[in-house]
Amino acid sequence: MFAVLKTGGKQYKVQAGDVLRVELIAAVAGEKIQFNEILMVGGDAVTVGAPTVAGAAVVAEVIDTIKADKVITFHKRRRKHSSQRTRGHRQQLTLVRVTEVLASGAEKSGVKEAVGTAEARRAAHGAAAPAEVPAKPKRAKKAAEAQE
């Protein structure tokens, strides 16, 4: 049985035993996580989601947090200015091993959902999503006076 899952803006075709390098997930080594955004489940019968398959999940075990190879960008301005800029970047990744593909019953598995670090930070600080920016105090005061 295989599944196509979506995490970190990318899609992966996986089956039990596969080892993946995915975008950084808020989990430590040895922890079990569950990917709930499943786009397709295949095997004897293929189920395609619209956009996701309800009740399907992929359970995986976190092996380690690693860094990808360094990517170097080099910018050079020519002619009279002759300036140069070199920048490097190493993307942080999470190494996971897929343990099982669940076609149904994902809600009852009791395994922690795999979320990226940005969602984990928002959850830790009590904010579900970016909220509206409140109006500036002076402008709010002027708007209230204008309505009166």
Side-chain angles (χ1 to χ4, degrees), residues 1-140:
M1 178 178 262
F2 73 92
V4 177
L5 66 93
K6 180 180 174 186
T7 181
K10 298 171 188 67
Q11 298 175 7
Y12 302 91
K13 180 182 175 187
V14 298
Q15 58 188 7
D18 286 352
V19 176
L20 297 175
R21 292 170 27 155
V22 298
E23 294 290 324
L24 188 63
I25 295 174
V28 296
E31 197 172 12
K32 281 194 165 258
I33 56 172
Q34 176 173 302
F35 296 99
N36 292 328
E37 212 169 344
I38 308 301
L39 305 175
M40 184 170 105
V41 176
D44 297 334
V46 175
T47 307
V48 179
T52 60
V53 178
V58 172
V59 179
E61 180 185 358
V62 176
I63 299 171
D64 197 11
T65 301
I66 60 173
K67 286 186 176 181
D69 295 335
K70 183 177 273 192
V71 177
I72 296 175
T73 59
F74 180 76
H75 302 281
K76 181 175 180 176
R77 282 186 18 204
R78 296 179 57 206
R79 306 293 183 264
K80 295 181 181 179
H81 305 292
S82 69
S83 65
Q84 299 176 6
R85 174 70 186 234
T86 303
R87 297 175 73 171
H89 175 73
R90 291 187 74 181
Q91 186 69 32
Q92 292 198 359
L93 304 172
T94 302
L95 203 60
V96 297
R97 178 178 291 116
V98 176
T99 55
E100 61 180 322
V101 176
L102 302 173
S104 62
E107 301 85 22
K108 301 172 187 170
S109 68
V111 180
K112 176 181 139 179
E113 182 182 359
V115 294
T117 54
E119 289 89 358
R121 279 196 304 271
R122 284 190 205 111
H125 290 22
E132 288 183 27
V133 176
K136 294 184 177 180
K138 287 185 180 179
R139 290 186 182 173

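Inter-residue side-chain proximity for Val96 and Val19 is flagged as unmet; no heavy-atom pair is nearer than 4.5 Å. Counting only heavy atoms from C-beta outward, the side chains of Leu5 and Glu37 never approach each other to under 4.5 Å. Annotation: side chain of Val41 is in contact with side chain of Met1 (closest heavy-atom distance under 4.5 Å). Counting heavy atoms from C-beta outward, Ile38 and Thr52 have side chains that stay 4.5 Å or more apart. Using a 4.5 Å heavy-atom cutoff, the side chains of Met40 and Phe2 are in contact. Counting only heavy atoms from C-beta outward, the side chains of Lys112 and Glu31 approach each other to under 4.5 Å.
Other residues, nucleotides and ligands contribute at most 12 non-hydrogen atoms within 6.0 Å of the NZ atom of Lys13. Within a 6.0 Å sphere centred on CZ of Arg97, other residues, nucleotides and ligands contribute 12 heavy atoms or fewer.
Here the CD atom belonging to Glu100 is positioned 14.0 Å from the CD atom belonging to Gln15, to the nearest 0.5 angstrom. One finds the NZ atom of Lys76 at 9.5 Å from the OG atom of Ser83 (value rounded to the nearest 0.5 Å). To the nearest 0.5 angstrom, Arg21 atom CZ is 11.0 Å from Lys10 atom NZ. For the atom pair Asp69 CG and Gln91 CD, the distance stands at 12.0 Å (nearest 0.5 Å). Between atom CG of residue Asn36 and atom NZ of residue Lys6 there is a gap of 14.0 Å, rounded to the nearest 0.5 Å. With rounding to the nearest 0.5 Å, the separation of CD in Gln84 from NE2 in His75 is 12.0 Å.
Val53 and Val48 make their closest contact through CG2-C, 4.2 Å (heavy atoms, listed as atom of the first residue, atom of the second, distance). When all heavy atoms of Leu102 and Val59 are compared, the closest pair comes out as CD1-CG2, 3.9 Å. Across all their heavy atoms, Leu93 and Ala68 have their closest contact at CD1-CB, 3.8 Å.
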Should Val62 and Val28 be marked as a side chain to side chain contact (heavy atoms under 4.5 Å, CB included) after you check the CA-CA gap, both sets of side-chain angles, and the distance that decides it? CA-CA 7 Å; Val62 176; Val28 296; over 6 Å; no
Run the numbers on Ile25 and Ile33 for side chain to side chain contact (heavy atoms under 4.5 Å, CB included), then give the verdict. CA-CA 9 Å; Ile25 295 174; Ile33 56 172; 4.0 Å; yes
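Residue Leu95 is tested with Val22, Ile66, Thr65, Leu20 for a side-chain contact (heavy atoms from CB on, under 4.5 Å); the sole match is Ile66.
Using modelled atom types, one finds a donor on one side chain and an acceptor on the other under 3.5 Å when comparing Ser109 with Gln34. For the residue pair Glu23/Gln92, the side-chain donor-acceptor check at 3.5 Å is not satisfied.
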